[in-house]
Amino acid sequence: MRFKNLLIVISTIIVCLVTIVSLTDIPTFKISFEEFERIIEETNSLNTVTAYYLNYRLYDTIFEIFVFTLSIYGVVFFLNSVPSIEKHVPFNDPVMNFYSKFAFIISIVAAIYIALVGHLSPGGGFVAGIVAGTGMMIVSLTKNIDEIKDQFKIENISSYEKLILLSVILLTIFPVLIGKRSFQNFLPLGKTGRILSAGFIPLFDLLIFLKVMFGSWSITFYFIKHRGVV
Amino acid sequence: MIILICSILITFIGFIGTILKKNLILKMLSVGVMNTGVITFFVGLSYRSGKAAPIIDKLLKNQQDLADPIPQAVIITSIVIGFAVLTFSLVYIMLLTSRRSTMDVKRIEGETDES
Amino acid sequence: MFLEISLGIILVVLALIVVLQNKPLKAIILSGAFSASAAITYFFIGAPDVAMAEASIGAVFTTFVYIVALKHSGKLRVGYIDQAGLIKRGAHGYEGVEYELLKLFSEDRAMSLEMKKIDSFDSIEKLENFDIICGGMVESTFSGKLRDFMLIPYLETNIFKTKKGEKLDLVRIKNLVLSGQISPQDIDQNTKEFTKYVFLISKESEDVGKALTDFLQNLDKKIFNDIVRRNLG
Amino acid sequence: MRADPSYLVISPFLFSVAILVFKKHSKLLSTLEAMLNLLLVSILFLEGDYDFYISNWVSKGIHLLVDFNTKVILLMISIVFLSVTLNSLKKDYNHHFYFFSSVFLASTNASMMAYDLFNIYVVIELASLTAYLLIGYKQKTIQLWASLKYLILSSVALNFYLLGIGIIYAYNRTFDISKIEVLPEISIVFVLVGLLAKSGIFFMSMWLPLAHSEAETEVSALLSGIFVKIGAFQIIKLLSIEAFSTARPLISMIAIVSSILGTVYAFSEKSTKKVLAYSTLSQMGFVLSGTSLANILHMFNHGIFKSLLFLTVGDSVENMEKKNFQDLKDKKIPLLRNLTLKIALFGIMGVPLFSGFVSKSLVDHEMHFTGKIGLSIAAVGTVASLWRFLSLRTQRIAKEKIRENIGYLILTTFVILVGAIGTFKMNLSDILKSLILIALGVLVYKIFKLGNISKVFEKLDNALFIYIIFCVLGLIFFTVI
């Protein structure tokens, strides 16, 4: 047993060292500013990371959305077979109640902002969704399970999610109908630097934001329902 | 370059943890460490092209030394995927531990193989 | 350059600490800290997008999900024999030295206790149903007899003989005297025998046993003495 | 301008949403989806190859490639998926199953077309996620464990893969496979760890026996027929390009060892479905022993007959308490099912006139001398380990419904069709050789008995340990060459 562990550690260290040594001759690529200018010309997205994420490599992002959807679906599917806990004791403190609501509102506002300016500054739909999810998480620490269910309309979430998923797929093939290629940015690019520019990038950011927000809400809800608050 | 070396170290520290840990939660945490190492590697790659964030300021005409956006764009995808898979795996771990009343891999493996 | 080196070293050290950590709860919190520092690193090396994603997911949401998953992650199945002072269900829930020790242990390991009362040691139908059996088990009665259990001593005690020839340990005698079932004169003061109270750990839960031994060794003497004093006087 | 074949991905995605919306009609929708997929793939055959970038971003976009190899595998996927779906109609699967399986179809279709290293990672992750869900579908404890074990192994392997493609990116500044020029050895090793863990090779995919044998019948068929092909096809795709060609002998070596060890384990195994699972390990060795069209053909054939085997055997074992072979032998199985089972067995054993014979002989032609010997041993082992299935007895049922057996029949058609067409083009020496190998196999089956072999490689920690051992061995291999 000792011997095996030793062997594991030694062989890992060997591979690690070889990797580090082989990294020493990595060439450095300098990217000229013209290349960035071309990206802006093609996508009108000042954040070039978003330009890759939602324009050039949108195909990958669609799969990513499905990975996220499927994982949430799996969480709900498997947790439903676990009996929900009988007694759910929220933190009942008036100060915390107030501030959690406050935090929730702030998180939603921040999330919408982050989602909408994803093509201009760091951020984007995914981060925004998780921020909104965190807000809901804080609120749900202070509430009963039924209250959470009513307030966040958990039973409707799955239908919203289907709608979002459907619109994401349809958006990717819609360009075919108007004579362009699938996954192509078919909306007008607009004026650089505006929120309503860069074609469908803000639209996708918004859809991903909603998707992730609902997803993280349902994760939080089902985890708390079947496992209790921390 | 230093970031790249550190990221490789983190990746393999995580890998050793994944093998040697017996507790399922600790195992998943080690996988997470490994994943963070890989993410750091990609970020380090993009840092080699330049030191500024690849977000263009429309007022500045000729920005130099911008980081490479491609590794950053793809690794965001991988962060999301890692999170999704992790959440899902925790549900499995919860179900397994409630049925086998242990988190020890060896014990779960032994009992499951016998039955 | 200096910034890179310091950030990189912090990350590597934190990764090592997370991986070397053996307690799940601590490891989760440390891994949250690791993610947060990774996010800070990304922010400083020109990747604010990745930093935001890592901070919101790795540092906040993942930690929450882990902690909820960890809660009651494992059950510790305890079979106990009522024994006031050591373990007993009182008006306000369980009390006693053994119970408090087990509770501390289970909190440390993020497990929940599943208590089940048994009448006597011989009446256990299936030994596999329990991880731990407790309630004034004495080392000398069991040593050498049991193959399926391992014994973990935690407290020293004495055994006295009664006039009827029964061998009883200190706590039992105290309980019997207090309830008036035997009088102090019945006890033979001379036949004193040193032994220890033990937890019986089923062989199948060997890992629990190891963890418990570990836990008892590392337990603060002050806390332990306090528990004993409160319950046994 | 022709339309992109990305509709092969979009249409299952659309159907998956439709299944979620119209839960009651999920069986109908899934059947429609499978048929439409078959139709779309057949249309692909009428046209030329596709080599394009998603929405024409040539330098920055994602490269997809549909050549003849891809079309063959896509056809296999659509056939297997259709028959598995048809077979599932008689059982009580609900909409969850069909949702998972249609996302699975989309991701497998995408993975075959992908020609971009990062895109391969994403689609493999999606396919794996559906695989975890499908393996744990009935929520039995052992299924959950099989699935979780696979999840951990696969996450670690894919992290290695990501590291590998990161290094490749560092040297080439692209993820596009067709533009790769410089390849450091370490990146090849890391990429191969990730892909071999998905491709059902002995030592690297030790999650496979437990997952395949404990999953539901249809799921086993999907996993063995389609899922293990994802990784294998990416490996063949990569090895075909010039930069990766140094790794060919390494993969070929591992593949031959896998094909032999798989049969040894299958021969000693008592549990019915595990025999088939180990046999998959060995057959994937045949598939990965080279990179020619013969290997692609064997991949096609293996997908067809292995899913047929899993369907027929799985349906027979499904309601039994003990899943050992002896218990199955005491039971009688319906005529049509037994007949198709036997045809599938002839296929996998390489009997002339059946499909396995054609591809096995063609693979054999491509091999060098030691490879020929190794694959012959594996072929003998295949016959020896599976011969016992031929002894299953038939139960006569007055009227067997074709509708219930349609899944088997579709697959059987392809086993016979490929076999019959191919056999007439083979030499007499091939036929003789395969007959000799079969005779030897029967002899081995009659003479030798093997006790249980230790399953030490299947333990989670050991399976993880093998990854790093493979890395070290791979590095040694590259320094020696």
Side-chain angles (χ1 to χ4, degrees), chain A residues 4-5 7-8 10-12 14-16 18-23 25-29 31 35 38-39 42 51-52 55-64 66-67 69-71 73-74 77-78 81 158-159 161-163 165-166 168-170 172-173 175-176 179-186, chain D residues 1 3-4 6-7 9-10 13-14 16-18 20-21 52-57 59-62 64 96 99-100 103 106-107 110 116 118-119 121-123 125-126 129-130 132-133 136-137 139 144 163 167 170-171 173 175 182 184-187 189-190 461-462 464-465 468-469 471-472 475:
Chain A
K4 201 181 98 184
N5 289 358
L7 206 63
I8 290 168
I10 289 173
S11 43
T12 314
I14 291 172
V15 176
C16 186
V18 172
T19 319
I20 289 173
V21 169
S22 73
L23 284 182
D25 56 342
I26 286 187
T28 321
F29 293 101
I31 309 167
E35 212 169 306
R38 200 155 56 244
I39 292 173
E42 281 170 357
Y52 275 100
N55 196 345
Y56 300 126
R57 301 188 76 93
L58 178 67
Y59 184 64
D60 276 350
T61 308
I62 300 296
F63 284 101
E64 179 202 320
F66 263 88
V67 169
T69 312
L70 213 68
S71 131
Y73 196 84
F77 174 62
F78 282 104
S81 71
S158 68
S159 43
E161 285 195 315
K162 280 171 218 159
L163 200 67
L165 211 54
L166 191 66
V168 165
I169 302 170
L170 289 180
T172 62
I173 50 165
V176 178
K180 295 188 173 174
R181 282 170 168 268
S182 54
F183 297 93
Q184 193 170 1
N185 197 341
F186 62 92
Chain D
M1 193 180 74
D4 300 344
S6 57
Y7 53 73
V9 180
I10 298 292
F13 274 156
L14 274 178
S16 71
V17 180
L20 281 186
V21 176
F52 66 104
Y53 290 80
I54 285 288
S55 59
N56 252 355
W57 298 118
S59 58
K60 309 186 188 82
I62 293 167
L64 298 193
H96 300 297
F99 173 60
F100 301 151
V103 178
S107 58
D116 179 287
F118 192 78
N119 188 232
Y121 164 79
V122 177
V123 290
E125 276 282 14
L126 181 56
L129 190 59
T130 49
Y132 313 144
L133 283 161
Y137 178 70
Q139 306 190 6
L144 293 178
L163 198 58
I167 297 172
Y171 281 86
R173 215 176 158 259
F175 288 117
V182 198
E185 279 82 25
I186 189 79
S187 67
V189 173
F190 285 156
D461 298 350
N462 297 341
L464 283 169
F465 183 26
I468 201 75
I469 293 285
C471 289
V472 174
L475 286 173

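So you know, we letter chains A, B, ... as the sequences are listed, proteins then strands, and number each from 1.
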Evaluation steps, side chain to side chain contact (heavy atoms under 4.5 Å, CB included), between A/F66 and D/L129: CA-CA 10 Å; A/F66 263 88; D/L129 190 59; over 6 Å; no
A/R57 and D/D116: CA distance, side-chain angles, deciding distance, salt bridge (Lys or Arg N to Asp or Glu O under 4.0 Å) verdict: CA-CA 11 Å; A/R57 301 188 76 93; D/D116 179 287; 2.8 Å; yes
Heavy-atom contact with chain A under 4.5 Å, split by part of D/L126: both
Working for side chain to side chain contact (heavy atoms under 4.5 Å, CB included), residues D/T130 and A/L70: CA-CA 8 Å; D/T130 49; A/L70 213 68; 3.1 Å; yes
Trace of the side chain to side chain contact (heavy atoms under 4.5 Å, CB included) decision for D/E185 with A/V18: CA-CA 10 Å; D/E185 279 82 25; A/V18 172; over 6 Å; no
Chain A interface, residue from D/C471, D/G61, D/A106, D/A170 that has the most non-hydrogen pairs under 4.5 Å: D/A170
Heavy-atom check, side chain of A/I173 versus side chain of D/L14, under 4.5 Å: yes
Segment of A/I62 engaging chain D (4.5 angstrom heavy-atom cut-off): side chain
Any side-chain donor near an acceptor of the partner, D/Y171 and A/D25, under 3.5 Å: yes
Residues in ring-ring contact (aromatic ring centres under 6.0 Å, His included) contact with A/Y73, at least two apart in sequence or another chain: D/H96, D/F99, D/F100
Closest non-hydrogen atom pair between D/V472 and A/S11, with its separation: CG2-CB, 3.8 Å
Contact summary for D/V122 and A/D60, nearest pair of heavy atoms: CG1-O, 3.8 Å
Check: D/I186 and A/V21 side chains under 4.5 Å, non-hydrogen atoms: no
Proximal component of D/A18, with respect to chain A [non-hydrogen, under 4.5 Å]: neither
Aromatic ring proximity D/F118/A/Y59, centre distance under 6.0 Å: no
Atom group of D/V21 that falls short of 4.5 Å from chain A, counting heavy atoms: both
Contact origin within A/F183 toward chain D - heavy atom pairs under 4.5 Å: both
Best-contacting candidate, A/T28, A/L165, A/N55, against chain D by heavy atom pairs under 4.5 angstrom: A/N55
Closest-packed option against chain D by number of heavy-atom pairs under 4.5 Å, given A/L58, A/I14, A/L170, A/T12: A/T12
Which of D/N119, D/V17, D/V9 touches chain A most, by non-hydrogen pairs under 4.5 Å: D/N119
A/S71, part contacting chain D, at a heavy-atom distance under 4.5 Å: both
Heavy-atom contact with chain D under 4.5 Å, split by part of A/I31: side chain
Heavy-atom contact with chain A under 4.5 Å, split by part of D/L133: both
Side chains of A/I39 and D/K60 in contact at under 4.5 Å (non-hydrogen atoms): yes
Contact winner vs chain A - D/L64, D/L464, D/L144, heavy-atom pairs under 4.5 Å: D/L64
Interface moiety of A/I8 toward chain D, non-hydrogen atoms closer than 4.5 Å: both
Pair D/F13-A/F63, ring-ring contact (aromatic ring centres under 6.0 Å, His included): steps then yes or no: CA-CA 10 Å; D/F13 274 156; A/F63 284 101; 5.7 Å; yes
